[in-house]
Each structure stands twice: as C-alpha cells, then as structure tokens.
Amino acid sequence: MSRSAHPAGPRHADVLPEGHYAAPPADLNVLDPKVWARTVARGEDGVVTVAGLPVTRLAEEFGTPAYILDEADFRARARAWRTAFGDDADVFYAGKAFLSRAVVRWLAEEGLNLDVCSGGELATALSAGMPADRIAFHGNNKSAAEIERAVRAGVGRIVLDSFQEIVRVAHIAQSLGKRQRVQIRVTVGVEAHTHEFIATAHEDQKFGIPLAGGQAAEAVRRALRLDGIELIGIHSHIGSQIFDMSGFEVAAHRVVGLLKDIRDEHGVELPEIDLGGGLGIAYTSDDDPREPQEIAKALTEIVTRECRAARLQTPRISVEPGRAIVGPTAFTLYEVGTVKPLDGLRTYVSVDGGMSDNIRTALYDAEYSVALVSRASEAEPMLVRVVGKHCESGDIVVKDAFLPADLAPGDLIAVPATGAYCRSMASNYNHALRPPVVAVEGGEARVIVRRETEEDLLRLDVG
Ligand SMILES: Cc1ncc(COP(=O)(O)O)c(C=O)c1O
C-alpha cells in the first residue's frame, strides 16, 4: 500500500504523517465484503447487522469488547475447503487459530479434521466429541504426559518435530502396547509470507527437522527402525498469510524429493504428505485471497506433477488451514471511549479493548480495517489510529485507517477479520477480562466462550 493524499484535505495537518494507509474509501459507510463476514450488512437505519442482528443490540446484550462470529460463514468456509479437496485429501483445521467446543462440533459436522498443538487444545477437541482418529497432534516440545494422552486417546497422527521426540513417542507408544501413526515435520528452506517467499536459510527456526545436510533423511532412518511408531508421511509448513503459491511449489518439490530418496534407500513409498496451512485472507481491501478451489487445484497439480517426475505414486495430500477458515468469519466490536486529535499528526481513537484482545498489530505489525457500525455518517474521513486501553504505547489495534470525523465517545466501531489469532492469543494484560465469543446464526446469538470475570481472575490468585 502506498501513502496518498487525503482528497478532502487532511483534518489535522497539511501533510499526512508517515503511514501505510491508502486513500480513504469513497464512502466510509460501505462495507467491503472482502473483509467482513458474509452476513454482515448495513441496514437502512445505518446500523450494521450480522446474521440479521443489529450490532447495537449485540453490544447491549453481550457488552463490548466482544468477538462476533458468523457461524454460517464459518461452516460455509469449512465446507468449501472440504469440498475443494474432495475425498482423496484431508483438511485439518488448525485449532491454534481459534478453538472452542462449538467450533469443534461444527468441524466434526462439516467433515473436517483437526490439528491441535497442546494438551489444552487436545482436551477441548476430545471433550467436544471430535473422533480421536481425526486429530493430528503438533508441537515442537510436547511433554511426555501430552504424548501419552494423545497415544492413549488414539489420535490419527502425531507430527514429530525433533530427533528426541521420535524416540520419545516410539517409547511411549510401545510401553502402551500401541503403534502410533506419525509424520515427520521437515523444514524445506522456504519461508513464505504474504506475496513473497524466500528460499534461503530458513531452516534457522525452532520447528521441524531440516532437509538440508541430510538431517530429515536421518530422522526418517531412525523412525523406520522403531517399532512403536508407523511413519506415514512428511509434513511441511512454510509460513503464514500466503497469497503466492510459488512457495508451496518449492516446498512440494523438496518434500517429494525426500519421498523419492526414502523410496530409493528403504524401498518404502510413504503414503501421505502434509503441506501445512498459511493461506492468506483479506484484512484490508488491498488483500486478494485465493478461493479454496483454486488452492486445492494448484496444490494437487504441484504434488501430482512432482510425483510423476519422481516416478512415485501420488501420496494422499493434507492441508491445515486455520486463518483462512475462521479469520474472516468474526469481527471485534468495541465502544469508543475517547477521540483525541493530535495537531499535525493524527487522531487517536481509544476503545475499550486493545492488545489484550488483538496482539497481532503489536506483534506482527498486522494491518486491519475498521468501520463505524452503530450508525452511518456523512462526515468527512479522518485519519485515525485505533488504540486500546492498556499501559503500553504500542497498544495499537488499527495502525492507520479512516473513520468519519464526527466519531464520538459511545459510538460502536468494529474491526473485521479478527476470527484468527485474536481470542486464541488474548491475554489478561493489566488484568483485562478476555472478551466473549458470540456466535450468530439465523437471527440468533449465543455465547460460545463467555467473558472472563473478576472472579475468574481472582480464582487463580491463590497467594
Ligand atoms: C503446522 C501448522 N499448521 C497450520 C498452521 C495454520 O496456519 P494458518 O492459520 O495461517 O492457516 C500453522 C500456523 O502457525 C502451523 O504452524
């Protein structure tokens, strides 16, 4: 995005400050369907509705801040991924993006599998009835207790992340009289983010075992020797918020290269390949995500072509989208507390949440959009920074955006595309009470994760 001039003339400065903002949209009342959940619309009275419910009513009933999640949209996106990959491939929703028992039930009903990466996520999945054989267990430092629980439960696969873990899982499974299906996570020397990928030294990270230097091949050798595990495939995850498929192309090429080496050395063709998650979504109108159909076609073609060239049977493909399913389906509803114009700079809009409910802006410099949702406004656009109420100057929710210049305390604003990595990364910083997740569907709203209370906080404080 490029910096551009304010058509109506900036409100507080002759020159706009440095920032990553585009020109203000022609009409601030229009909601770009790319970034909002599918049932979101602005009513004739100017109030935004979701699943037919006015946000003003949701704020009254559930308070703010609150994550509002469009269940029909979630189910439709999950189904679209499932349908796009068909019966010859598996879609594992990445629970780290957002997990609750309701979400687990929706996934189970829509025919998806689930990737979990901690004992807590595993417990949530099992308690909501996800069949264990549809669960993949990830993580770079699973404890012995977590591994034992996963093996006992009968998870479909454990994704091994280190040499120690190969032995650990094999021993635990063997001591339980089981043979655990496993994949080995490799790093392929590719890191992809958004529109770019870099194929250099990205083995320098905590996840996976590098292909480089023959380390992954050695991991396979060791795994094939152990009775407690059955090596079923190779796993690769190359990054996040990816739009460009060329990173996957290089990753698939390298993973298939390993499968070929395994066949040549051991006479074994591993039946599965997992290409991870990381597919991008629209956080702002400038992002152009791909449809699941297009992604499925591209990935299937890449793997099939590479396998044909290596004279291998095409393995069963699996993918692990998290953000691409849940991200666009929710928005965070905030109430404006203060509007503070800084002459020559910008206007700071403080809301009743912040980095405790959305850490992504502070952590990754993530970009978001924002809109006034409790009413329409014909006022001119004003350049704003939406900030939270925490004791941290980096407590920014939306770095640069435009809101109507008549914005005032008490107005409700909403930040779209907060379904992924917001509630799941939420904290209690400043003893904030983490907001609820309210699922809306067919004119009805229900809390699926309730708001924290001061009693919740104090219950843990046992000193
Ligand atoms: C192994 C693995 N799979 C899947 C995902 C999900 O990524 P995303 O939510 O970007 O699709 C992640 C994210 O970190 C991951 O590490």
Side-chain angles (χ1 to χ4, degrees), residues 74 77-78 80-82 84-85 89-99 103 107 112-118 121-122 125 134-142 155-162 165 182-188 190-197 202-203 205-209 233-245 247-248 251-252 255 272-283 287 289-292 295-296 298-299 317-330 358-360 363-364 366-367 417-425:
F74 183 101
R77 288 176 197 272
W81 276 86
R82 179 79 197 85
F85 278 88
D90 296 303
V91 180
F92 286 77
Y93 169 79
K96 65 205 80 176
F98 172 64
L99 199 65
V103 161
L107 293 165
L112 275 75
N113 305 321
L114 179 61
D115 139 17
V116 300
C117 66
S118 71
E121 289 184 0
L122 179 61
R134 285 165 60 184
I135 298 176
F137 190 28
H138 269 280
N140 65 303
N141 187 19
K142 307 167 193 79
V155 298
R157 63 168 84 142
I158 295 182
V159 183
L160 303 173
D161 196 273
S162 66
E165 205 176 66
V182 297
Q183 293 188 340
I184 292 178
R185 178 167 173 176
V186 301
T187 43
V188 293
V190 165
E191 182 163 295
H193 292 290
T194 306
H195 299 285
E196 295 172 352
F197 82 94
H202 284 91
E203 287 90 1
Q205 55 152 309
K206 72 169 185 166
F207 293 111
I209 301 176
I234 301 295
H235 181 286
S236 149
H237 171 79
I238 57 171
S240 59
Q241 189 55 5
I242 305 168
F243 296 116
D244 178 351
M245 300 304 285
F248 286 104
V255 169
E272 293 184 11
I273 175 173
D274 190 308
L275 293 171
L279 285 314
I281 62 165
Y283 284 104
D287 294 325
R290 287 161 184 256
E291 292 298 321
I295 294 163
L299 292 182
I317 300 171
S318 52
V319 286
E320 298 170 340
R323 181 193 321 265
I325 292 177
V326 71
T329 67
N358 186 350
I359 190 65
R360 293 191 65 258
L363 197 58
Y364 309 124
E367 291 189 23
T418 57
Y421 305 108
C422 287
R423 179 60 181 79
S424 64
M425 292 177 111

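Numbers for residues simply follow the sequence, beginning at 1. Remember, it's 1-based here, ligands and their atoms both numbered in the order they're listed.
Across all their heavy atoms, Arg134 and Leu107 have their closest contact at NH2-O, 3.8 Å.
Glu320 O, 3.2 Å is the protein heavy atom nearest to atom 4 (C) of ligand 1. Atom 5 (C) of ligand 1 has its closest protein heavy atom at His237 CE1, 3.5 Å. Atom 11 (O) of ligand 1 has as its closest protein heavy atom Gly278 N, 2.8 Å.
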Inset, instruction - Walk me through it: do His138 and His237 pass the test ring-ring contact (aromatic ring centres under 6.0 Å, His included)? - result: CA-CA 11 Å; His138 269 280; His237 171 79; 8.2 Å; no
Legend entry - Intermediate values then yes/no, side chain to side chain donor-acceptor pair (under 3.5 Å), Asp274 and Ser318: CA-CA 5 Å; Asp274 190 308; Ser318 52; 2.8 Å; yes
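Under 4.0 Å from ligand 1, the heavy atoms of Tyr421 that appear belong solely to its side chain. Residue contacts with ligand 1 for Asp115 involve side-chain atoms from C-beta outward but no N, CA, C or O (heavy atoms, distance under 4.0 Å). Heavy atoms of Pro321 found under 4.0 angstrom from ligand 1 belong exclusively to the backbone. Both the backbone and the side chain of Arg323 come within 4.0 Å of ligand 1, judged by heavy-atom distances.
Within the 4.5 Å cutoff, the side chain of His193 has heavy atoms near those of the Ser240 side chain.
In this structure a side-chain-to-backbone donor-acceptor pair under 3.5 Å is present from Arg290 to Phe243. Glu272 contributes no side-chain N or O that, together with a main-chain N or O of Ile317, makes up a donor-acceptor pair within less than 3.5 Å.
Heavy-atom proximity to Arg185, at under 4.0 Å, picks out these atoms of ligand 1: 1 (C). When each atom of ligand 1 is checked for a heavy atom of Gly277 under 4.0 Å away, the hits are 3 (N), 4 (C), 11 (O). Short contacts between ligand 1 and Ala94, defined as distances under 4.0 Å to a heavy atom of the residue, involve ligand atoms 4 (C), 5 (C), 6 (C).
Using a 4.0 Å cut-off between a side-chain N of Lys or Arg and a carboxylate O of Asp or Glu, Glu121 and Lys96 do not qualify as a salt bridge.
Considering backbone and side-chain atoms together, His138 places no N or O closer than 3.5 Å to any N or O of ligand 1. For a threshold of 3.5 Å applied to N or O pairs, the pair formed by Gly322 and ligand 1 contains at least one separation below that value.
For Tyr93 and Phe74, the ring centers sit closer than 6.0 Å to each other.
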